[in-house]
> 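Provided herewith is a single structure, encoded as structure tokens, for subsequent inquiry.
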Amino acid sequence: MRIGIYPGSFDPITNGHVDLIKRGAKLVDKLYLVLGTNIGKQCLFTLEERISQIEQVVAGMDQVEVKVCENQLTVDFAKSVDASVILRGLRTAADFEYELTMAMTNAKLNPEIETVFLTADPAHLYVSSSTVKEIAKFSGDVSKFVPECVVDALNAKFVDQK
Ligand code: ADP
């Protein structure tokens, strides 16, 4: 049984992430979406809010399950769930630099775990959680970029802040 993890902030989950999940799930028997701590990012949504959004989005995808990894290295988490693959997405050259460093570091920490990159679908190439948050903050329409439950969550979050 091949197990993969797809770690990310998912703040919030976008159509780009969803596309990657669907394609990545075809490569493994089980795919864990892993919500971790990215110390370089301050999240808009709480961990509980992100878990709830992701669970709604992956409902019906039998192979996919949501997990949380806090205060633990991604490779150590992968090992703890018997995963041999870390799935990540590549959009532009800007992603590449960051992702390459991380993949090489993780390979050094645990050579048994491979990072596998899927290139973004051209339809979602420009979709990022940060852009979506910026659009929502200024009352723009985010329905083309995120699943429906996230549209509502984003609107609610920024209504609260106004
Ligand atoms: P992190 O904080 O770990 O970078 P993100 O949620 O921003 O978490 O991204 C998780 C992964 O998903 C990264 O590998 C990122 O490149 C990828 N990703 C994000 N948006 C897209 C997209 N639109 N298409 C393909 N991959 C994406």
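Note that this is a predicted model, so its numbers are computed, not measured. Counting convention: from 1, in listed order, for ligands and their atoms alike. Quick note: residue numbers are just sequence positions, from 1.
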> Note the single closest protein heavy atom to atom 20 (N) of ligand 1, along with its residue, its atom name and the distance in Å.
R91 NH1, 3.2 Å

> Tell me which protein heavy atom sits closest to atom 26 (N) of ligand 1, plus the residue, atom name and distance to 0.1 Å.
G89 CA, 3.7 Å

> Closest non-hydrogen protein atom to atom 7 (O) of ligand 1, residue and atom name please, with distance?
K41 NZ, 3.0 Å

> Using a 3.5 Å cut-off on N or O atoms only, is D11 in polar contact with ligand 1?
no

> Tell me which protein heavy atom sits closest to atom 9 (O) of ligand 1, plus the residue, atom name and distance to 0.1 Å.
H17 NE2, 3.6 Å

> In terms of heavy-atom contacts, does CD of E114 have more than 12 from other residues, nucleotides or ligands at under 6.0 Å?
no

> For F10, counting its heavy atoms only, list the atoms of ligand 1 lying under 4.0 Å from any of them.
6 (O)

> Do any nitrogen or oxygen atoms of V127 come within less than 3.5 Å of a nitrogen or oxygen of ligand 1?
yes

> In plain terms, say whether E49 and K157 are close enough for a salt bridge, that is, a side-chain N and a carboxylate O under 4.0 Å apart.
yes

> Looking at atom 17 (C) of ligand 1, what's its closest protein heavy atom, distance included?
Y6 OH, 3.7 Å

> Atom 8 (O) of ligand 1: which protein heavy atom is closest, and how many Å away?
S9 N, 2.9 Å

> Among M102, R88, H124, whose heavy atom sits nearest atom 3 (O) of ligand 1?
R88

> The criterion is ring pair (Phe, Tyr, Trp, His ring centres under 6.0 Å); which residues satisfy it with F10, sequence neighbours excluded?
Y6, H17

> Number the atoms of ligand 1 from 1 as they appear, then name those within less than 4.0 Å of a heavy atom of A120, with their elements.
24 (N), 25 (C)

> Hey, which atoms in ligand 1 end up nearer than 4.0 Å to a heavy atom of D95?
16 (O)

